[in-house]
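Notes follow once the structure below has been shown.
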Amino acid sequence: METHRVPSGTCPPAGCGGCGVPPAPRAAAAGSSSHSPALREPALGSQPGFDAELFGTFRNWRVNRAEYAKAWKQRTGGKVVGYFCTYAPEELMYAAGVLPVRILGSHEVQDVTEPHIFGMFCPFCRDCLAQGLKGRFDYLDGIMLAQSCLHIRQAFSSWQKHVPIDYSYYLPMPHHVQSRHATPFLTKELEVFKTSLEVWLGRAIPDRALDEAIEICNRNRQLLWRVYETRQNPHPPLTGEEALEMVLASQMVDKQEHSAALESLLAGLSQRRVTRPTGVRLMILGSEDDDVEFVRMVESCGATFVIDDHCTGTRYFWNNVERNTSPLASIAERYVKRVPCPSKDWPERTRVQHALALAKAYNVQGAIVMQQKFCDPHELDIPALTKALNAAGIKTLFLEFDVTVPIGQFKVRVEAFLEMLREDDLF
Amino acid sequence: MIAAGIDIGAKTVKVVLMSDGQVLARRLVPAGLDTAGATEQAFQEALRAAKLERSQVERLLATGAGRKTCALTDREITEVGAAAKGVNHLLQSCRTVIDVGAEEGRTVRCDERGKVVDFAFNEKCAAGAGTFAEGMARALQVPLEELGPLALTSRQAVQMNAQCAVFAESEVVTLIHAKTPREDIARAVLDSIASRIISMVRKVGFEKDVALIGGMARNPGFVAALKRGLETDVFVPEEPEYVGALGAALAAAEP
Amino acid sequence: MSTRPKYKTAPLKCWPKAKELRLKYYEDYAKAHERGGLRWAGGAWSFSAIPSGLGPDVWSLTSEPYGASIAFDKTFSLRCMEAAEKAGYARDLCAYMRNYWGSVILNEYVFGGPFPKPDFIWQDHICCSHAKWYQVVSDLEGGIPQFCLDVAVGPYQEIAPHKIAYLVSQMHDGIEWLEKTSGRKYRDELLIEAVQNEFRTTSTWAEICAYNKQVPAPLEEKTMYSLYVLGTLNKHDRAVADFYEELRDEVKQRVAAGIAAIPNERCRLMSDTQPPWGFLNIFRYMEEFGAVSIGSLYTFGLIGIWEDKPDGSWGPRTTPMQRGVEIKSRDQALRLYAEWTLSKPEWQHFYSPHLKTEMMIRIAKEWHVNGILLHYNRGCEGLSLGIAENRLGLMEAGYPVMAFEGNMGDEREFDEARVKTRFDAFMETLGFKKDGRPGV
Amino acid sequence: MGATLVVQETKTLSTNKEFWRWKEYRWHDETLDWKGAGVVSAGVDIGSVSSQAVILLDGKLFAFSNQRTGFDSPESANQAIQWAMDGTGLTLRNIHYTVGTGYGRVNVPFADKAITEIACHARGGNFMYGPTVRTILDMGGQDCKAIRCDEKGKVEAFLMNDKCAAGTGRGMEVFADLLSVPIEEVGDLSLSVEQEPPPVSSTCVVFAKSEAAALLRAGWPKNKVLAAYCAAMAHRVVTLLERIEVRKDFAITGGIGKNSGVVKRLEKELGLEALKSPYDSQIAGALGAALFAYTLEVKRRSS
């Protein structure tokens with residue numbers, strides 16, 4: 001499939017079929033090499049291959065998300081809404097002067113969700129709910145869910161009932177995103193959501209505010225996408241771990257601040273060389289994945305993640321809002337046409353072509369296909385996805401994630417996979 | 001009136017003989033592969049210890065997983081009911097009984113009369129039962145009875161990542177290779193069993209006082225982990241494995 | 001311990017007819033091509049009245065009941081499951097779906113002969129697996145045209161014109177697609193008749209279930225399963241609508257004559273989600289305690305369409321025909337059809353478990369339930385959705401609840417002995433003893 | 001192999017008899033003299049349950065040892081290599097290149113390189129069973145691997161059992177203990193049934209154990225119970241193999257490879273016979289490691 005150059009200043013057009021693939025890297029931006037303000041490294045300590053100076057900001061934002069949100073409220077007097085799935089229309093919340101933050105788990109074994117969620121549902125939704133039950137998001141003024149899979153829905157509805165919260169909203173995001181009727185339907189649903197926000201906040205959301213919000217979100221996506229673009233280089237100037245920290249942070253902090261950090265990152269990035277060799281170029285794809293420890297483990301075995309298809313990665317920011325008739329209709333169209341989650345990718349399986357295009361553009365040698373245990377939507381796609389990748393000559397390693405991953409057992413599989421991919425001089 | 005409670009479990013058979021609320025004798029015999037034989041043996045030994053004739057025992061009641069196979073009586077009470085009655089006799093203020101045996105964990109909520117209000121079993125998974133501790137003790141190369149005391153000497157909490165009992169064993173091996181101190185691994189093992197048990201306890205919702213019975217109650221490391229996790233004190237009777245049989249004997253004596 | 005009432009019992013007269021209708025259904029589908037007709041596949045919840053506009057010789061195979069039929073044959077079911085696993089499909093996916101795929105992969109129809117490949121797929125999507133189910137079937141069969149309607153527009157209590165419009169406009173697209181795919185001219189009069197049949201079927205089923213409020217219950221759930229299944233096969237079919245009216249009349253007579261489902265009814269239970277089909281004998285085990293399962297939101301609300309009656313009770317929804325509405329056009333039929341179906345009780349919990357809890361409490365009250373059995377069904381994500389919250393809600397409302405894990409279609413995940421042990425403890429707690437077995 | 005097995009009595013932890021405890025042993029080829037060898041290479045496989053060391057002279061098998069893994073893996077590695085060298089006059093200094101593999105691969109103090117057991121079993125299997133091997137099943141102590149490889153013994157694809165440890169050596173040990181049958185005799189005993197019982201249904205080792213106990217109480221003879229368990233294990237392994245599609249030729253490495261009760265049933269269900277080898281299937285990993293060590297040493301010299 002053809003991978004065309006994208007008009008500057010916008011992300012690749014919506015949808016799939018490889019149209020979403022960035023062009024070949026453009027020449028390094030000359031001049032300024034200003035760096036992002038280097039913040040104090042969090043307790044985690046720095047890992048080899050992780051550049052605290054360039055990426056410490058993002059890690060700090062992720063690690064200290066609660067402190068950040070509390071400080072933001074102090075500073076702006078605004079409200080913070082936690083959302084559960086990346087189908088949440090952040091534009092509306094920005095327009096309302098609300099800070100949307102994504103609710104993610106903590107990767108600790110926990111024993112508080114058994115009474116609320118049946119064990120056959122994914123560990124991720126249970127981990128998310130555990131955060132609420134443990135009061136780790138006590139700074140939220142509201143929660144909202146854009147309808148996606150059944151699993152995360154339970155984290156939302158249990159949170160609604162058992163965690164005191166001022167405002168909660170369930171947005172019936174259409175599933176049939178391939179239907180021409182999905183955008184008009186969502187446009188109307190966004191109006192209802194907008195009204196509900198207005199009632200809650202006691203003030204109107206003017207179209208002007210929506211336009212600004214669209215700009216804020218688009219700019220951030222565009223910058224993220226430009227950083228990702230550099231990973232096409234034979235020697236990417238950032239590791240998969242760093243990229244993950246960067247995207248995760250963008251789901252937790254004010255996008256304007258995040259965009260500023262990205263600007264300075266981009267300025268320095270062209271000069272930057274990762275200290276360790278790139279090794280095997282890997283792609284990681286599958287369900288929700290914010291397991292930094294896992295990514296670090298894989299990259300410590302002589303590999304670098306150069307691209308992903310995750311809702312904590314490209315699926316989150318790949319598509320821009322393209323302005324058409326009204327702001328709400330434009331936003332609706334963006335969420336309908338974005339790179340889909342498997343739960344909405346039917347009757348056509350558009351994700352497969354998209355993943356193949358990414359693999360090609362980023363010159364991927366192998367792919368780690370991961371999945372949250374019990375994640376049905378992905379389990380329903382993985383055989384087709386794996387088949388297509390293998391047919392395209394890309395070997396795959398499948399791993400099933402739990403809240404905590406048994407690093408020991410996974411390391412053997414990962415190393416064996418890398419040995420298999422490397423033209424190792426053992427014979 | 002003399003009453004007998006017979007608890008036929010997966011690993012052992014327990015018999016308690018009582019007279020008007022007083023325990024006359026108790027016996028425990030490994031079930032082995034001949035449960036009927038073990039039951040008969042335990043019963044006779046108990047009779048001998050209490051200097052009683054079989055004919056003097058007016059009421060018999062069986063409980064435990066094997067209660068339906070009991071040749072001595074066809075009157076029965078479930079493990080759940082027996083546990084509640086037994087603990088109520090020992091600690092009237094008890095509202096939540098946690099029973100962790102070799103292959104199963106149970107939580108029973110009861111009222112001040114020892115009547116069952118609600119109960120939960122841990123779903124079939126060895127990772128929340130005594131057998132798990134056995135396997136891990138072996139991987140750690142310490143006798144089972146030393147696992148608990150060893151865990152108590154641990155100074156740092158390590159997280160067990162593997163969820164399946166048998167895979168946890170290879171994780172223990174991984175931890176060993178990673179030079180993790182044995183006592184910390186021992187604690188990690190018991191913490192992970194406790195965490196599964198606590199999940200189940202929370203499902204029923206627990207009310208104080210909380211009592212722990214069954215084989216795992218003998219494991220101080222496990223008891224400590226349970227207290228830590230539930231953030232409450234946990235009452236452990238002196239003979240935790242006899243509580244079921246005791247409850248059965250009490251039930252048998254009831255008019 | 002209360003005294004044990006003894007009731008007279010009698011077998012259902014129209015039982016054989018139900019069996020006959022069911023077998024005919026599966027045979028019609030298999031033989032469709034011999035008769036020059038069309039075969040389509042889709043879910044038991046799909047808008048099955050719509051394809052009937054293509055002609056009277058269009059037969060369907062609904063996926064969930066077919067998956068359940070396989071589950072009854074444990075040996076074949078296991079072969080199906082393993083065939084699906086071998087093909088790389090995860091073991092924790094919907095058990096019906098894996099049975100169905102296995103049957104396709106092995107190319108064996110559980111009623112004999114090779115698996116009859118559908119000509120097209122007509123599905124709807126509310127649980128994550130619905131549309132994907134057939135995406136995979138299409139993969140396995142080397143491509144089958146598929147049309148799927150998105151019905152996840154939010155709970156019925158928030159119904160709004162734009163929600164119905166979204167569904168109806170998809171239906172219109174669907175009809176165009178059906179014409180294109182089948183090369184046939186679509187006949188609105190057939191659609192209108194089918195839609196009216198479906199109104200009758202789904203309302204009458206609710207009426208039948210409502211009779212179970214009576215003590216003693218005229219029906220027990222194990223029997224109800226074999227009757228309600230017709231509504232999951234072809235609810236839009238005149239024969240099914242007529243049969244349900246016949247059945248309703250018989251149940252009415254049973255109530256009048258005081259005929260009970262079980263002679264020793266002492267304890268009335270309510271279940272939830274699909275039962276483990278391979279182990280329906282657990283219902284017989286309950287009867288040893290004088291316990292009758294009067295039904296569940298699943299048996300009542302999967303096919304039955306309900307409404308609040310003036311006296312505040314839950315009863316069969318008044319059909320458009322009963323309201324004197326005359327259906328004249330395709331669009332009008334589709335609108336009524338969409339609005340009617342969106343009120344399906346078993347769809348509401350997809351948006352919030354708390355809506356389901358309310359309905360369950362209502363059943364428990366109006367059907368005089370003593371205890372509730374919640375089947376934490378590993379085989380069905382959709383109906384187990386929020387079940388843990390339902391448990392909390394029911395207990396808060398003061399109902400004793402027994403939860404047990406199992407699987408409706410994968411016998412490897414159901415431990416009969418364990419569940420019976422647990423049931424013993426539950427009955428002991430409620431104070432019911434087995435007939436003739438001394439307890440405490 | 002000409003030379004005889006030197007069996008050493010095992011050091012048991014506790015006094016009561018442990019039937020799961022298989023014999024530890026070593027072997028070396030007295031007909032060979034290592035002093036004449038150009039390259040002395042070694043492979044050490046520190047598994048979760050057992051450890052092996054293999055020594056090659058110019059790529060030819062010279063000596064090996066097989067013992068249980070101790071608590072301290074560097075110590076196990078030392079013991080394994082020392083025991084393999086026992087009575088040969090070899091010392092660590094004489095070994096040119098060593099590759100470590102297995103769970104403890106990074107804890108082999110004297111190793112020059114660590115390679116995963118997957119690659120090593122493929123390489124070792126290729127040596128033991130010849131270049132026609134395409135599918136190797138390694139049934140080890142705590143995991144079970146299905147490996148597809150090319151004619152050089154290079155891995156093309158592999159699968160490991162995640163969900164459950166049924167179908168591993170550990171599971172079999174649990175049974176040997178329960179039934180008081182020495183682990184080495186389990187297989188043949190299980191084959192002595194006149195008619196195959198239905199396999200035990202439980203997939204979890206721990207519950208398979210209680211299921212077996214119930215069968216014994218119900219009066220089943222030991223051999224029948226073992227048959228039921230071996231069949232269940234074989235079936236689970238076959239479902240793993242089928243997911244990677246078995247291609248001929250097929251071979252089994254690892255401890256369970258010695259359990260005729262599992263192997264025979266597995267072959268029957270697969271409709272495919274596993275290649276036989278004069279070598280001890282349990283040393284495949286260490287052997288592969290030693291072969292890699294040989295190649296790497298040769299390359300090191302030529303570069």
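Within every chain, numbering begins at 1; the chains are lettered A, B, ... in the order of the sequence lines, protein sequences first and strands thereafter.
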Whether over 12 other heavy atoms sit under 6.0 Å from A:Glu67 CD: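 Yes.
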
Portion of A:Glu108 that has a non-hydrogen atom of chain B nearer than 4.5 angstrom: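 Both the backbone and the side chain of A:Glu108 come within 4.5 Å of chain B.
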
Any residue meeting ring-ring contact (aromatic ring centres under 6.0 Å, His included) with A:His116, in chain and number order, not counting sequence neighbours: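 In terms of ring-ring contact (aromatic ring centres under 6.0 Å, His included), with neighbours along the sequence ignored, A:His116 is linked to A:His162.
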
CA sep, side-chain torsions, deciding dist, call: B:Lys203, A:Glu114, side chain to side chain contact (heavy atoms under 4.5 Å, CB included): CA-CA 6 Å; B:Lys203 193 168 165 185; A:Glu114 185 71 18; 4.0 Å; yes

Heavy-atom pair with the smallest gap, counting every atom of B:Arg202 and A:Asp111: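 Shortest heavy-atom separation between B:Arg202 and A:Asp111 comes out as CD-O, 3.0 Å.
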
